[in-house]
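In what follows, chains are A, B, ... by sequence order, proteins preceding strands, each numbered from 1.
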Amino acid sequence: MPRITLPDGKTKDFSGPVTAREVAASIGPRLARDALGAKIDGELRDLSAVIDHDAKIAIVTPKKRDGAPDPDALFLIRHSAAHVMAEAIQDVVGKDVQLAYGPPTDTGFFYDMHAPGRPITAGDFEKINVRMAEIVKEDRAFTRYEQSAEQGLARLRAEGNKYKVDNAERALGRSALRADTPAAANVGSESRPTHLSFYATGVPGTNWEDLCRGPHVPSTGRIGAAKVMSLASSYWHGDENSDRLTRVYGTAFATKEELDAYLAQLEQARERDHRVIGRHLRLFHIDEDVGQGLILWTPAGSIVRQELQNFVTAELVKRGYQQVFTPHIGKLGLYRTSGHFPYYADSQFPPLIERQTLEALGACSCADLANRVRGGEIDGYLLKPMNCPHHIKIFASAPRSYRDMPVRLAEFGTVYRWEQSGELSGLTRVRSFTVDDAHLFCTEDQVPAEVQGCLELVKIIFGVLGMRDYRVRVGLRDPDSNKYTGPAEAWDKAEAACRDAAKSLGVAFSEEAGEAAFYGPKIDFIVKDVIGREWQLGTVQVDYNLPVRFDLSYIGPDNRPHRPVMIHRAPFGSMERFCGVLIEHFAGAFPTWLAPEQVRVLPISEKSHGYAARVESALRERGVRVTADLANDRIQGKIKAATEWKIPYLLVVGPRDEEQNAVSVRARGGGGGGDTPPVPLDRFIAGVVREIGTKAAGLTMA
RNA sequence: GCCGCUGUAGCUCAGUGGUAGAGCACUCCCUUGGUAAGGGAGAGGUCAAGGGUUCAAGUCCCUUCAGCGGCUCCA
């Protein structure tokens, strides 16, 4: 006698086991018609799932009551669409395509597969889309059935698909490997499963089938609209030593309108992309002849970067930091001591060897040279991968008393890292970047307050720039990995300090194992770019290890040497990446204090050129970045041109304005204009100077 | 690094094996004007680079370089 509790608290009693579909039908025919699945005691299940015990149940429909798409419905639709796409691909590309793993994602779904016959290419997309549409139109039922573990495994082995066999073994808990990797069947139940579940898209034995834990929508027709999006390569189980698979991405929505809206949104995101805006507004340039991932900051972009740098520098002065400068290279031994060279050689530019050494070596092979460098027999220099060793040497260059602590050394330090070519991306992933770096050398007692101070600084910066959409991650060590340096006790202390500081921050944060730096745990501020990729920006890292490696000490009140603790912190993270994210945050329309060109003066005609020049120089004298457009063009054309540069203020000046020593202000985004009453020039200048000085987020002179 | 896609003027992009194109931007001329493009002319190209097939290659093939989307990595 199952008693079903509905989301509104009402209950329904049934005389025997019922399916979720029957529950829906008992509520209403419309709900039964719209239902895609059910959440039974919090677990998403098929509509055909049988309920034989008291349970809470919520029927999943494409839209929630408030009309918003239901994420559970999207999950069901996309998971189901992955099956339909796989069937379509096997029809179009070949039956020998072996399926591996096909889950839904935030924006759609993918299916990893191995195509031994011929590669799947983008040229197949049209046919695949057509075939998918046919399968959807056929409206075949997703039919779940189970087989015993033995039967199911035997069947999968006979089919010769090692990936599915592997999935099944993992699902059954029989794999020696960790069980948190993609599993296809029955996981989620408490006990070790004894059966494997399969889904036929239609009639078992007749139509297409796949090992799958489910759940799915009731039939293919309920997948409103699906589309193949792109191809990528992937590794089986994400292991780069394992098989390389082809990953086919697709997306699906309940309706074609929603799919179209999503595609339009992707298109819009492209226009907001910092690489696109960076080119249009000439903020930066990447040149093939200079090299991949090496940013050339053009004058306009340099202004944005410099303003940010001035902003944070002013904060540092208030907070007792001391500025230092260090070179871009250092001797290999330094990085042997720090651990960078031995452990991270692959992600650095190769060492620089002195000419005399090279000449003395004569006809030594490259491999020999590499070995002798690695072995320490030959020394050289490294383009610095981090600033900390240099700053450590500054700390160590003078005797330090506990009275001097904390010592806070700051530098906008440029570092170089050898990122894999396929990983480089605009400003967000580069091979040379400038860290708004600082290293705080403090006593152990000072660690909590100093970490908190660093976090506050990040909060201030994000606040001034209006960046609210970020998440905080406390990166801890992965207990199973050996990439970390230092004793466990040091790590425990450092991790506790980070966790406590994060708690005091007043925002939600996640703790993630395996996300620590090699020398210590960290607190990262992470934001998403326009295409949904996450990037780490600000970071605060507690480090008990490098002070040991470099044998740092300060004299305590007991007149004995003590070990300092280091805090590495960078509120922007990297100037390059931060600017990239910031360009997208503002879509290139920077607040006035950051805008490369803050004001443009537009004379109505040549008669007003003289006045325009006077307005221009009056503004320039007050430090405003201003130009005058003296082109032989009508005012409409000048406004159009200026608009494309996203300039905060346009000052239209003609004889009428000149008479009153005034300007007609057109603020960015204030279109639809027409004549505006002139503002006295003095008043405009004072206002815009104040706006810049206060780093106002909005245009106050609008 | 791996898989797929892409590379034509400063930018956005057409281009079917047979003469290198458009719009915007740029320069000059006409126009002297009041809030999102007035008109005309001109200049601008090793079609990413290199090799091959062909009577003929921007177009077909190979290699390399670079960009894009993912994967892996990210101190």
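- As judged by a 4.0 angstrom heavy-atom cut-off over every strand, Gly637(A) is placed among residues touching the sugar-phosphate backbone only.
- Residue contacts for Gly475(A): at a heavy-atom cut-off of 4.0 Å it reaches no nucleic acid atom on any strand shown.
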Contacts under 3.5 Å, N or O only, protein and nucleotides 28-33 of chain B:
from	atom 1	to	atom 2	distance (Å)
C30(B)	N4	Asn632(A)	ND2	2.8
U31(B)	N3	Asn632(A)	OD1	2.9
U31(B)	N3	Asn632(A)	ND2	3.4
U31(B)	O4	Asn632(A)	OD1	2.6
U31(B)	O4	Asn632(A)	ND2	2.2
U32(B)	O2'	Lys607(A)	NZ	3.4
U32(B)	O2	Glu606(A)	N	2.9
U32(B)	N3	Glu606(A)	OE1	3.0
U32(B)	O4	Glu606(A)	OE1	2.5
G33(B)	OP2	Lys607(A)	NZ	2.8
G33(B)	N7	Ile604(A)	O	2.8

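- Using a 4.0 Å heavy-atom distance criterion, Ser233(A) is classed as a base contact.
- Among residue pairs with one or both ends in residues 336-351 of chain A, those qualifying as salt bridge (charged side-chain N to carboxylate O under 4.0 Å, His left out) are Arg336(A)-Asp379(A); sequence neighbours excluded.
- The aromatic rings of Phe578(A) and Phe572(A) sit tilted, their planes meeting at an angle between 30° and 60°.
- Judged as a salt bridge (Lys or Arg N to Asp or Glu O under 4.0 Å), and not counting sequence neighbours, the contacts of Arg473(A) are Glu515(A), Asp524(A).
- Sorted by first then second residue, the side-chain hydrogen bond (donor to acceptor under 3.5 Å, both in side chains) pairs that include residues 288-300 of chain A, not counting sequence neighbours, are Trp297(A)-Glu576(A).
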When you check every protein heavy atom under 4.0 Å of nucleotides 4-16 of chain B, what one-letter string (B, S, -) results, 5' to 3'? SS----SSS----
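- Under the salt bridge (Lys or Arg N to Asp or Glu O under 4.0 Å) criterion, Arg683(A) pairs with no residue, sequence neighbours left out.
- Under the rule for a side-chain hydrogen bond (donor to acceptor under 3.5 Å, both in side chains), the partners of Arg477(A) that lie at least two apart in sequence or sit in another chain are Asp492(A), Glu495(A).
- Here, C13(B) and U53(B) have their C1' atoms 30 Å apart, quoted to the whole Å.
- No engagement by Gln536(A) is indicated, since no non-hydrogen atom pair under 4.0 Å with the nucleic acid exists.
- Among residue pairs with one or both ends in residues 97-116 of chain A, those qualifying as salt bridge (charged side-chain N to carboxylate O under 4.0 Å, His left out) are Asp112(A)-Arg247(A); sequence neighbours excluded.
- Residues passing the side-chain hydrogen bond (donor to acceptor under 3.5 Å, both in side chains) test with Gln541(A) are Tyr519(A), Thr539(A), sequence neighbours excluded.
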